[in-house]
Amino acid sequence: HRDGREEEGCVGRRMAALGKSVLHNARDRGFADQTSWLESFREEPPPERRVRVVNAATLSTDDGAVLLHSQEPVIVEGCMGAWPATETWASADALVAAHGDVSFDLAPDVSLTLAEYVAYSAASAADFPYYLFERRFKGDRASLLTEYEPPALFADDLLSLIPGASMRYWIAGGARTGTCLHVDPLLTSAWNACAAGLKRWLLLAPDALEGEAKDDASGQPRCARASSPCAWFADEYPRLRAAATRGELRLLEAVQRPGQVILVPPGWWHAVLNLEWSVAVTHNFCSPVTLPSLWPRLRSAYEPFACVLQDVLDHDRPGALLGVDADRLCGYRGPGESTEGAPLTKLVVFLSGDVVRAWLRACPSITQMRDLGSTGVRARYAFHERIAALGRISREFTAAVCITEDGVAGTPVDQRLALVCRRHGVRLHRPRGGALVFAEAVPVADNYDMPKLMEAAAAGLPWLLVESGPDLSVPENNVHSLRTWEAKLAHAATLAIARRNASPHTRTHLAERGPEDCAS
């Protein structure tokens, strides 16, 4: 932070080290001195690995849909011509003249104006200098948004229908900045428009790393780990390039220049190295062209988000998912996987009607969600997260959910809830014949009524347990508390099934076990 010293001298004395970040001050690899190595990335990649380049002047909107549908990386030229950014961002001097006083936070303990950041970038000798990757466009930073607009080919973004869901970033940095190998979130596509500088891109097809060793903790390919973009291009890139030469994986490369927009399709791994001072803007977006084919994966990997998006599309763009099979729309991946009408084999989860109504009341309509903004979105996410948790329990334990009213199972369920439950793969059970009756709710973590459990098992009813306790009655919009509840519910389900098959001695032992012992 500026501390009152003469500004020019302050900036000059900060170049050796800035802030407390070890990552952005380290010089261990000496990449700043390896100019010939960095310069080698300016060379165009061989034709067989080069990202295709097309000109926007020759493309129609339908051609844009074809590009998106192909799910292949492509560079588009000629779609930034009318942007003021082509002048105001075109060089470090032009950027400072237009926005030099705008302040940015690079780290919790590092805040610089754009003029100071340009000076820092030119003088830093770090292996990975601080990289300006801004997504908060408030105050003076909002002016950056007025100097460009999404290319018409990629302008239809379904994320814009969800308040606060847009993913747009203004990025600037000197040589050696960039990003290590990664995949963009939520199976989104991305366009990246370069206004200044040169960027070296490496892109790998979605399935290219399936055979790579995985990190035990994250499950991500170990080749995606690196301390800096330069370190990644120095350590991992040569091996992957050699594998691509041998035909073992699909790898594309590009040198992106000012005026070019690169399209990164969903699921493609990519790494970027800035070869000199560079400025760009990028948006992640969800295209109606690619969404139907991606829906099963999106629905499986990002369940609450997918369901909120589906709610919004039903309201605003009802045709967006017409091409998706009904079962896949609800999260089932292939024929025969739907649980509709499937036999109950292990467990019934009993849920109080009062709790369900509290969930429904806390979930705003689409109109209310938009009025509430991010608060409304979080509330709708929380609702879907609760139902998603029930869906995961339902699938894991071959269970069904039975809504109870006044202790009586099988009461008709609100149609709205029935639709949401189907979307999450939750089987709603209405017992035939005798219904299992509870006089009071049974908390999920303790106080099991063993006589009633054994009575239910002896009667041959689909069995049982869980009814809601205090953890379910308060609709909190807190993901951690929802995860805690899901863990308790899974623990209760495991114990209920274990007790069914256990001897009396073992049942007593199980009652003393905690959630951490569930797996064993």
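As the structure is a computational prediction, the values presented were derived from the model and not from experiment. Values reported hereafter were calculated over all heavy atoms of this structure, with side chains retained and with hydrogens, waters and symmetry mates removed.
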**Q** Please lay out, stage by stage, how Leu209 and Cys223 fare under the test side-chain contact (heavy atoms from CB on, under 4.5 Å).
**A** CA-CA 9 Å; Leu209 301 181; Cys223 65; 3.8 Å; yes

**Q** Of all heavy-atom pairs between Ala196 and Ala90, which one has the smallest distance, and what is that distance?
**A** CB-O, 3.4 Å

**Q** Just by distance, with hydrogens left out, do Gln256 and Trp201 show a side-chain donor and acceptor under 3.5 Å apart?
**A** yes

**Q** Regarding Ser60 and Asp63, is there a side-chain donor-to-acceptor distance under 3.5 Å anywhere?
**A** yes

**Q** Would you call Thr282 and Ile171 a side-chain contact if the rule is heavy atoms closer than 4.5 Å?
**A**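 Heavy-atom side-chain distance check passes, below 4.5 Å.
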
**Q** Other residues, nucleotides and ligands only: do more than 12 of their heavy atoms fall within 6.0 Å of CZ on Arg52?
**A**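 Open: at most 12 neighbouring heavy atoms sit under 6.0 Å from CZ of Arg52.
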
**Q** OH of Tyr148 to OG1 of Thr86: how many Å apart, nearest 0.5 Å?
**A**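 Rounded to the nearest 0.5 Å, the OH-OG1 separation comes out at 14.5 Å.
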
**Q** Evaluate whether atom CD of Glu87 has more than 12 neighbouring non-hydrogen atoms of other residues, nucleotides or ligands under 6.0 angstrom away.
**A**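 Open.
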
**Q** Could you label the plane-to-plane angle of the Tyr131 and Phe133 rings as parallel, tilted or perpendicular, counting under 30° as parallel and over 60° as perpendicular?
**A** perpendicular

**Q** What pair of heavy atoms forms the shortest contact from Leu153 to Leu68, and how long is it?
**A** O-CD1, 4.0 Å

**Q** Within the 3.5 Å criterion, strictly below it, is a donor on Gln71 or Ser293 matched to an acceptor on the partner's side chain?
**A**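 Gln71 vs Ser293: donor-acceptor pair found between side chains.
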
**Q** Is there a side-chain contact (heavy atoms from CB on, under 4.5 Å) between Leu114 and Phe104? Walk through the geometry before answering.
**A** CA-CA 7 Å; Leu114 197 50; Phe104 296 88; 4.0 Å; yes

**Q** Write down the atom of Ala224, the atom of Trp232, and the distance for their closest heavy-atom approach.
**A**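 Nearest pair, atom of Ala224 first, then Trp232: CA-NE1, 4.3 Å.
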
**Q** State whether the side chain of Ser124 and the backbone N or O of Ser121 hold a donor-acceptor pair below 3.5 Å, judged by distance alone.
**A**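 Such a contact is absent between Ser124 side chain and Ser121 backbone.
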
**Q** Salt-bridged, Arg176 to Glu276, with N to O below 4.0 Å?
**A**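 Between Glu276 and Arg176 there is no salt bridge, as every charged N stays at least 4.0 Å from the carboxylate O atoms.
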
**Q** Flag the pair Arg250 / Leu204 as yes when at least one side-chain heavy-atom distance between them is below 4.5 Å, and no otherwise.
**A**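 No, side chains not in contact.
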
**Q** If we ignore hydrogens and angles and just use 3.5 Å, is the side chain of Asn284 paired with the main-chain N or O of Ala190 as donor and acceptor?
**A**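 Not a single qualifying donor-acceptor pair exists.
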
**Q** State whether a side-chain donor-acceptor pair under 3.5 Å links His384 with Asp311.
**A**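 The answer is yes; a qualifying pair exists.
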
**Q** Indicate yes or no for a side-chain donor-acceptor contact from Tyr120 to the backbone of Ala115 under 3.5 Å, with no hydrogens or angles considered.
**A**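 Checked: no pair found.
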
**Q** Do you know which two heavy atoms are closest between Trp277 and Ser91, and how far apart they sit?
**A**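 Minimum heavy-atom contact is NE1-C, 4.2 Å.
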
**Q** Ignoring hydrogens and geometry, is there a side-chain-to-backbone donor-acceptor pair from His283 to Trp191 under 3.5 Å?
**A**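 Flag not set: sc His283 to bb Trp191 has no pair under 3.5 Å.
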
**Q** I'd like to know if the side chain of Gln34 reaches the main chain of Arg29, judged simply by a donor and an acceptor atom lying under 3.5 Å from each other, with no hydrogens or angles considered.
**A**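 At least one qualifying donor-acceptor pair exists.
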
**Q** So which heavy atom on Phe383 is nearest to which on Trp359, and how close?
**A** CD1-O, 3.6 Å

**Q** Could you give the distance from CG (Leu321) to CH2 (Trp295), rounded to the nearest 0.5 Å?
**A**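 Answer for the CG-CH2 pair, Leu321 versus Trp295, is 5.5 Å.
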
**Q** Can you check whether Leu106 reaches Tyr117 side chain to side chain, under 4.5 Å on heavy atoms?
**A**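 With C-beta onward as the side chain, the pair touches.
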
**Q** Whether Arg239 and Glu212 form a salt bridge (side-chain N of Lys/Arg under 4.0 Å from carboxylate O of Asp/Glu) is what I want to check.
**A**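 A salt bridge is present here (some side-chain N lies under 4.0 Å from a carboxylate O).
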
**Q** In terms of heavy-atom contacts, does NE2 of His69 have more than 12 from other residues, nucleotides or ligands at under 6.0 Å?
**A** no

**Q** Could you grab the distance from atom CZ of Arg317 to atom CG of Leu161, nearest 0.5 Å is fine?
**A** 6.5 Å

**Q** Considering only heavy atoms from C-beta outward, does the side chain of Ser287 approach that of Phe154 to under 4.5 Å?
**A**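 Answer no - side chains too far apart.
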
**Q** Between Arg378 and Glu385, does the salt bridge (Lys or Arg N to Asp or Glu O under 4.0 Å) criterion hold? Intermediate values first, please.
**A** CA-CA 10 Å; Arg378 284 195 298 270; Glu385 188 62 62; over 6 Å; no

**Q** Could you tell me which residues satisfy side-chain hydrogen bond (donor to acceptor under 3.5 Å, both in side chains) with Glu253, sequence neighbours excluded, listed by chain and number?
**A**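 Partners of Glu253 under the side-chain hydrogen bond (donor to acceptor under 3.5 Å, both in side chains) test: Arg49, Arg200, Tyr237.
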
**Q** Hey, what do you get for CG (Asn192) to CG (Leu263), rounding to the nearest 0.5 Å?
**A** 10.5 Å

**Q** Test ring-ring contact (aromatic ring centres under 6.0 Å, His included) on Trp37 and Phe31; report intermediate values, then the result.
**A** CA-CA 9 Å; Trp37 174 79; Phe31 287 117; 5.4 Å; yes

**Q** With a cut-off of 6.0 Å (strictly less than), are more than 12 heavy atoms of other residues, nucleotides or ligands near CD of Glu43?
**A** no

**Q** Measure across Asp156 and Phe285 and return the closest heavy-atom pair with its distance rounded to 0.1 Å.
**A** O-CD1, 4.3 Å

**Q** Tell me yes or no: between the side chains of Thr177 and Asn274, is some donor less than 3.5 Å from an acceptor?
**A** yes

**Q** Quick one: CG on Leu298 to CG on Leu309, what's the gap to the nearest 0.5 Å?
**A**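 That separation rounds to 7.0 Å.
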
**Q** Quick check for you: to the nearest 0.5 Å, what is the distance between Arg386 atom CZ and Leu360 atom CG?
**A**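 Between Arg386 CZ and Leu360 CG, I get 10.5 Å after rounding to 0.5 Å.
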
**Q** Please check this pair: side chain of Arg141 against backbone of Arg136, looking for a donor-acceptor N/O pair closer than 3.5 Å.
**A** yes

**Q** Determine, stepwise, if the pair Val281 / Tyr169 fulfils side-chain contact (heavy atoms from CB on, under 4.5 Å).
**A** CA-CA 6 Å; Val281 61; Tyr169 308 91; over 6 Å; no

**Q** Compute whether any side-chain donor of one residue and acceptor of the other, for His99 and Glu147, lie under 3.5 angstrom apart.
**A** yes

**Q** Please answer whether the main-chain N or O of Ser300 pairs with a side-chain N or O of Glu303 as donor and acceptor at a distance below 3.5 Å.
**A** no

**Q** Looking at Ala107, is its backbone amide N or carbonyl O close enough to the side chain of Asp105 to form a donor-acceptor pair, meaning the two atoms are under 3.5 Å apart?
**A** no

**Q** Do Arg135 side-chain atoms and Arg168 backbone N/O form a donor-acceptor pair below 3.5 Å?
**A** no

**Q** Verify, without hydrogens or angle tests, whether Asp109 (side chain) and Lys20 (backbone) share a donor-acceptor contact under 3.5 angstrom.
**A** yes

**Q** Tell me whether Asp235 is salt-bridged to Arg225, with the criterion being a basic N under 4.0 Å from an acidic carboxylate O.
**A** no

**Q** Can Val76 and Gln260 be said to form a side-chain contact (heavy atoms from CB on, under 4.5 Å), step by step?
**A** CA-CA 6 Å; Val76 183; Gln260 293 183 329; over 6 Å; no

